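All chains are named by letter (A, B, ...) in the order of the sequence lines, taking the proteins before the strands, and each is independently numbered beginning at 1. As the structure is a prediction and not an experimental result, all values here were calculated from the model.
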Protein chains: 2
Amino acid sequence: MSAPTPYTATAEEAYLDRLLAARLLLPTNLPGIYARGSAFTQLMEGLERAITRYGRTESTQILRCPPVLPRSIVEKCGYFQSFPNLLGCMCCFTGGTTEHEALLSAVDSGADLLPHLELSDVVLAPAACYYVYPYLTGTLPQAGKTTDIENWCYRHEPSLNPMRMRAFRMREFVHAGTPEQALGFRDSWIERAQAFLARLGLSATVAPADDPFFGAGERLMAAQTLKFELLIPIVSDTRPTAVMSSNYHKDHFGHLFDIRTPDGAAAHTTCIGFGMERIVLALLAQHGLQLSKWPTALREHLGLA
Amino acid sequence: MSAPTPYTATAEEAYLDRLLAARLLLPTNLPGIYARGSAFTQLMEGLERAITRYGRTESTQILRCPPVLPRSIVEKCGYFQSFPNLLGCMCCFTGGTTEHEALLSAVDSGADLLPHLELSDVVLAPAACYYVYPYLTGTLPQAGKTTDIENWCYRHEPSLNPMRMRAFRMREFVHAGTPEQALGFRDSWIERAQAFLARLGLSATVAPADDPFFGAGERLMAAQTLKFELLIPIVSDTRPTAVMSSNYHKDHFGHLFDIRTPDGAAAHTTCIGFGMERIVLALLAQHGLQLSKWPTALREHLGLA
Ligand SMILES: Nc1ncnc2c1ncn2[C@@H]1O[C@H](COP(=O)(O)O)[C@@H](O)[C@H]1O
Ligand SMILES: Nc1ncnc2c1ncn2[C@@H]1O[C@H](COP(=O)(O)O)[C@@H](O)[C@H]1O
Ligand SMILES: [Zn+2]
Ligand SMILES: [Zn+2]
């Protein structure tokens, strides 16, 4: 692309078409819900290993969690206030034989099934780090604690833009400690993530951002420069895609989950999150859809067969 | 254990306590929903690689899918008939500002949230292979097709038995082809899986089984010997745990999804499924909770650091 390409919905949908034609992604009848084929899976696995080598240290705690977590955690974190439209709640059938017949009638006639179901105590994780904070309750060591977590996340935002999926994988490093540690973690990771992406042949710019709060909401984040994103042009130079975010939460979670620094104060936290599929989509856009034609050094770096 | 240990709920719960104390699993307030710690994660990754080396061939198709799939697929496969009590459906908030206030009131007062939500078009995958069948529509090659899929699965069966989780990972190999191919796939994998487990130091017995159909249901499977399980005693010699199942579906899915062998007949399918966490739990019970004390050959086989 020599001249900047303007953003159009067609550019994103055209990219999705190419990905489907190449069987990198396989479609369902639902936009944003895709199976990943062989090559895409290889890339996800290679990227996962590369982030591990780059991001983990001796003292990093490792957590891997299910795609569902207790609804009580998400309620406590105020997700229903901030992003009610994005959350996937879980509901299930708890009736007996009679209720089962009624449920099956509804299924057969295409009627609404919800009256036959009950709300469950789990939701689909909207981000990976929600699992981490409850496990940090208590007094932290002097150097704070860093956790490495990777989760399937769900956000209810159907789209034909392949960079906007309903179900996607997020890799996060979460630090809890003093304000200096948490801010340092956020800022150093902005640089480190840019370097990491550069090694993959991806050029990312940094910009302050805020989360898409529901309704009028609090558009304060960018003004307070709590959140930064790393942006890469995937289908458009004028509308680049956020492939990673670096978020400083002050003592919000420290208070909520009684996480304390050794001096007894509420800990400060930062999470940095990689959108795994988005980085893979950036790689494919940058280096082409044929993995066999990628630079040898990059193929080796990602452990591609 | 020299004499057979009788099955008691206490034996399973005692094992869960040991796993939590060793931080192999980390608790939430919900039985069956756990985070996996460092060591458990290493084992899951090592097991995943071992199954890949053992089970994949040149021609195996690879699919990796989200934990949610279209509800229409699960309806089509009759899951609401057979296991309505196990299925996790998804519901979400689709209202505006006024409805949001009502939702928040309900959250704050602990009232039922379901009246504020709508049923969504995805469910949590109850098994991995449901994702595969729609992609097999059409005419198969002469040798049939084998797909390697791994998914987070959800089954609504809360339990303090650590072998019975609500969210767990299933690795499946699915074959579609002629009746001879599908039956041969089922039978050869029963032997191959036993050999695979034996190399891990696990001794598995084979038994016909049937799925836990809801209500009176169809208890025909075991009589027809469609399904076999590989069982390992984990906390009890008299009540061993199924760590893998091998399921022959005749032409059920072949008809449903219009999968045809070259002669035009509906294809027959078989899926073999490994319960990843259950195998790891069997390894821990067999070799102990301290990975550093495991036999060197086994540690190398699983790529443990
Ligand atoms: N709908 C989505 N589809 C794919 N990736 C996403 C989606 N939403 C967020 N991400 C990725 O996850 C990262 C962290 O998300 P956020 O918590 O919104 O900052 C983003 O920088 C994206 O890379
Ligand atoms: N609730 C569960 N928790 C953990 N693993 C399970 C659970 N249900 C099934 N599995 C595993 O998944 C395999 C296939 O399940 P099935 O489709 O029920 O035969 C079983 O053999 C188990 O190893
Ligand atoms: Zn986060
Ligand atoms: Zn299956």
Which one wins on heavy-atom pair count under 4.5 Å against chain A: B:Leu87, B:Val123, B:Asp148, B:Val122?
B:Val122
Is chain B contacted by the side chain of A:Leu86, its backbone, both, or neither, given a heavy-atom distance below 4.5 Å?
neither
Rounded to the nearest 0.5 Å, how far apart are CD of A:Glu45 and CD of B:Glu48?
6.0 Å
Tell me, for B:Leu30 versus chain A, whether the close heavy atoms (under 4.5 Å) come from the side chain, the backbone, both or neither.
side chain
Between A:Pro66 and B:Arg36, is there a side-chain heavy-atom distance shorter than 4.5 Å?
yes
Below 4.5 Å, heavy-atom pairs only: which of B:Phe80, B:Tyr34, B:Phe40 has the largest tally toward chain A?
B:Phe80
Can you tell which part of B:Ile73 gets under 4.5 Å to a heavy atom of chain A, answering side chain, backbone, both or neither?
neither
Should B:Leu124 and A:Val68 count as side-chain neighbours, where that means a heavy-atom distance under 4.5 Å?
yes
Please identify, among B:Cys65, B:Ser120, B:Pro67, the residue contributing the most non-hydrogen atom pairs under 4.5 Å to chain A.
B:Pro67
Output the distance between atom CZ (B:Arg166) and atom SG (A:Cys92), rounded to the nearest 0.5 Å.
7.5 Å
Contact class of B:Asp112 relative to chain A, heavy atoms under 4.5 angstrom
side chain
Apply side-chain contact (heavy atoms from CB on, under 4.5 Å) to residues B:Phe83 and A:Phe93 and explain how you reach the verdict.
CA-CA 10 Å; B:Phe83 314 102; A:Phe93 174 77; over 6 Å; no
Which atom pair, heavy atoms only, marks the closest approach of A:Met90 to B:Gly88?
SD-CA, 3.2 Å
Best-contacting candidate, A:His100, A:His156, A:Arg71, A:His116, against chain B by heavy atom pairs under 4.5 angstrom
A:His100
I'd like to verify something: which residue of A:Pro115, A:Pro27, A:Ser72, A:Cys91 has the highest number of heavy-atom pairs under 4.5 Å with chain B?
A:Cys91
Would you say CZ of A:Arg23 has more than 12 non-hydrogen atoms from neighbouring residues, nucleotides or ligands within 6.0 angstrom?
no
Select one option (side chain, backbone, both, neither) describing which atoms of B:Ile33 are under 4.5 Å from chain A's heavy atoms.
side chain
Picking from B:Leu26, B:Asn29, B:Leu69, which has the most non-hydrogen pairs under 4.5 angstrom with chain A?
B:Leu26
Interchain contact, A:Gln81 with chain B, by part (heavy-atom threshold 4.5 Å)
both
Relative to chain B, which segment of A:Arg169 carries a heavy atom at a distance below 4.5 Å: side chain, backbone, both, or neither?
neither
Checking B:Leu104 against chain A: side chain, backbone, both or neither under 4.5 Å from a heavy atom?
side chain
Might you work through the side-chain contact (heavy atoms from CB on, under 4.5 Å) test for B:Asn151 and A:Trp152, ending with a clear yes or no?
CA-CA 11 Å; B:Asn151 242 66; A:Trp152 274 99; over 6 Å; no
Please determine, among B:Ala167, B:Ala35, B:Pro84, B:Ala39, the option with the most heavy-atom pairs under 4.5 Å with chain A.
B:Pro84
Give, as side chain, backbone, both or neither, the part of A:Glu118 having an atom under 4.5 angstrom from any heavy atom of chain B.
backbone
Could you have a look at B:Ile149, B:Thr97, B:Val107 and say which one has the most heavy-atom pairs with chain A under 4.5 angstrom?
B:Val107
By a 4.5 Å heavy-atom criterion (distance strictly below it), what part of A:Pro134 contacts chain B: side chain, backbone, both, or neither?
neither
What heavy-atom pair brings B:Leu114 and A:Leu117 nearest, and what distance separates the two atoms?
CD2-O, 3.1 Å
Could you look at B:Leu103 and say if it's the side chain, the backbone, both or neither that has a heavy atom under 4.5 Å from chain A?
side chain
Interatomic distance, A:Arg64 atom CZ to B:Ser38 atom OG [nearest 0.5 angstrom]
9.0 Å
